[in-house]
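A short write-up of the structure that comes next.
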Amino acid sequence: MTSEQTATPFFVPNMPSIAEREGLAEWPGGVADLFLKAVPGLQFEAKQALIDVVISVSRGDILRVLKAAKTHAELQFDYLRSLTGVDWEDGGREVVYHLYSNSKKHNVTIKARCSNDDPHMPSAIEVWRGADWHERETFDMFGIVFDGHPNLVPILLPDDFEGIHPLLKSRPLAAIEVKQGAGSAGDDAEANE
Amino acid sequence: MTTLIEREPEFETIDLDINMGPQHPSTHGVFRMVLTVDGERVMDVVPHIGYMHRGAEKLCENMDYRQGVGYMDRTEYLGELNAELAYVIAAEKLGGLEVPERAEYMRVIGAELNRLASHFMFMGAFGADVGYFGTSFTYAFRERENIQDLLEEVCGDRIMFNYFHPGGLAWDTPPNFPERCRWVLKQVRQGIKDLDGLMTHNEIFIARCRGIGAIAKQEAIDWGVTGPTLRASGHAFDIRKEEPYSIYDRFQFDIPTGQYGDVYDRYLVRLEEMRQSVRIIEQALDQLPEGPIKPEKMPRILRPPTGEIYVRTESPRGEYGVYAISTGGAKPYRLKVRSPCFSNLSALKSMTVGSYIADAVIILGSIDIVLCEVDR
């Protein structure tokens, strides 16, 4: 199963992943098989992360997948735990959904990417009402516009906020830009070029 | 002489927008809600949050896994050890660290003591909302002070504990900790009994709380509500039992649930949870082993390999989740804090519409929000 998107890596390559370290199998089975059954013809990637199965779909399919996740008899993910965004810089912006089923007692993580030039994503508000505030917060922090959301106004930031959205990597934390993901605090702070 | 009732058809009424502004003694923090009222009945509620947004998630991207613990304290400032627990479990699972037994037991004891302290705070503040004004505070804070003194002896601080480190604890407990803890539990048991006697069967308390602000089980799940607010609606969902983390599967305890999902049930659920927490701490104290509190092969700077994890814990308010993505460095690439009060508060409108303004205050108090967590 491959995703319909271009071959941008979901994790940084050439680093030993936890899957490689723990020898976790390629196709996780379980919930991923249920999704295969529930949404026929879906192109997606599935991986076993440390606790959940992570399913990556394309933006065109995400609403279909979320609806099936909530309504399909074998999935029944009635509880949207968390909806958030991740900024992968050149890889686009990713929206991550964490779901749990109270009846079937299984959980899943679903991801979908949108590109930086077209940061739109369909809104999940018609599937779970709880997506309302989570999507407003993701819009605030990442600038991802959720199409179909009835009230997409800033929730944590001021109403007249302008500029680079805070949680994007292109917005530095302070006047000194700190290199991401390397060293410990204090020994790799570089000034802005 | 015309009376008002005769003139009613020509009586023009408007729905007023009333602002319960960020500075308000009953909103439990800097929280603003705009109530649209018809007379005294609330027709619409628009909550405005974000007054306490300090960018904890962005800051944590530039902190390594030991420094971020302090930020988790400051998000959930009433159940800090539960927040720290979620963060350090995420760091440990990503980094492949094994936590020694003594540290695990101390973590559970700390988290449950913190749950007790948080619920005492709720009893005090909620009682003040309902009308006890100062009485519930004095009853509740007497025991909360005992717990905070005990935790000060262990962690060095009364609120911002910063005690859990990835791998174990910051330092070991003082030698008289079990006796001190049992003494505190004795006081706490008496305190719970006192609060029970003060509030539970008080006629005015019941009249103010029964039938107010109910939310149905399915609707609550749809909104993402968790914690005592959800359990009061009848759904026994507690992450300590559903997806046990740390060593919670070794202890016997029950999950109290309510029946009607109204404010009175939320109070009862929290009261019973306090008793269950005491039960857990007693079992943990009986089983507390001696031993190290940090693993031997503890790297000085934890650099977890590439991967991601979503750790969920049961904080006093609901599901506190930490979603951490690591790309191999000492700092997380993305750290998302899933705060229970954020989701609980989003259901405020469906709980409040149709009730009186005075009830809106009580409903907000019964959700037990912590604004630092809502805004991070």
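Everything numeric in this text was worked out from a predicted model, so none of it was measured. Order of the sequence lines sets the chain letters (A, B, ...), proteins ahead of strands, with each chain counted from 1.
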Identify which part of [X] has an atom lying under 4.5 Å from any heavy atom of chain A, answering side chain, backbone, both or neither.
{"X": "B:Y310", "value": "both"}
{"X": "B:H48", "value": "neither"}
{"X": "B:S343", "value": "side chain"}
{"X": "B:S350", "value": "neither"}
{"X": "B:E57", "value": "both"}
{"X": "B:F342", "value": "both"}

Part of [X] within contact of chain B (heavy atom distance under 4.5 Å):
{"X": "A:D78", "answer": "both"}
{"X": "A:L157", "answer": "side chain"}
{"X": "A:L168", "answer": "backbone"}

### Query
Between B:R107 and B:E92, does a salt bridge (Lys or Arg N to Asp or Glu O under 4.0 Å) hold up when you go through it step by step?
CA-CA 14 Å; B:R107 280 182 180 179; B:E92 283 152 12; 2.6 Å; yes

### Query
Can you tell which of A:D132, A:I155, A:L83, A:T109 has the highest number of heavy-atom pairs within less than 4.5 Å of chain B?
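Result: the option with the highest number of such pairs is A:I155.
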
### Task
Report the option among A:V127, A:L80, A:N107 that has the most heavy-atom pairs separated by less than 4.5 Å from atoms of chain B.
A:N107

Atom pair [atom1]/[atom2] of [X] and [Y] - distance to nearest 0.5 Å:
{"X": "A:E89", "Y": "A:N116", "atom1": "CD", "atom2": "CG", "result": "9.0 Å"}
{"X": "A:E137", "Y": "A:E135", "atom1": "CD", "atom2": "CD", "result": "11.5 Å"}
{"X": "B:R338", "Y": "B:S315", "atom1": "CZ", "atom2": "OG", "result": "9.0 Å"}
{"X": "A:L167", "Y": "A:D87", "atom1": "CG", "atom2": "CG", "result": "8.5 Å"}

### Message
I need the contact set between residues 117-124 of chain A and chain B: heavy-atom distance under 4.5 Å, sorted by residue number.
### Response
none

### Query
Would a distance-only check, ignoring hydrogens and angles, find a side-chain to backbone donor-acceptor pair under 3.5 Å from B:R334 to A:G85?
yes

### Message
What residues of residues 215-225 of chain B make heavy-atom contacts with chain A at a cutoff under 4.5 angstrom?
### Response
B:E219, B:I221, B:D222, B:W223, B:G224

### Message
Quick check on the interface: out of B:Y323, B:Y51, B:F237, who has the most heavy-atom pairs with chain A under 4.5 Å?
### Response
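Of B:Y323, B:Y51, B:F237, B:Y323 has the most heavy-atom pairs under 4.5 Å with chain A.
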
### Task
Take B:R240 and B:E319, measure what salt bridge (Lys or Arg N to Asp or Glu O under 4.0 Å) needs, and give me the verdict at the end.
CA-CA 10 Å; B:R240 297 173 291 171; B:E319 173 182 331; over 6 Å; no

### Message
Exactly one of B:I301, B:L97, B:L302 should register a side chain to side chain contact (heavy atoms under 4.5 Å, CB included) with B:Y65. Which one does?
### Response
B:L302

Identify whether NZ of Lys or CZ of Arg in [X] sits under 6.0 Å from the centre of the six-membered ring of [Y] and within 45° of that ring's axis.
{"X": "A:K70", "Y": "A:Y79", "result": "no"}
{"X": "B:R312", "Y": "B:Y320", "result": "no"}
{"X": "A:R93", "Y": "A:F142", "result": "no"}

### Task
Would you please test A:D140 and A:H165 for side-chain contact (heavy atoms from CB on, under 4.5 Å) and show each step?
CA-CA 7 Å; A:D140 257 350; A:H165 291 267; 5.7 Å; no

### Query
Any side-chain donor-acceptor pair under 3.5 Å between B:S246 and B:E104?
yes

#### Entry: A:T84 and A:V95, any side-chain heavy atoms less than 4.5 Å apart
no

### Message
Is there a ring-ring contact (aromatic ring centres under 6.0 Å, His included) between A:H106 and A:F77? Walk through the geometry before answering.
### Response
CA-CA 8 Å; A:H106 51 208; A:F77 286 110; 4.8 Å; yes

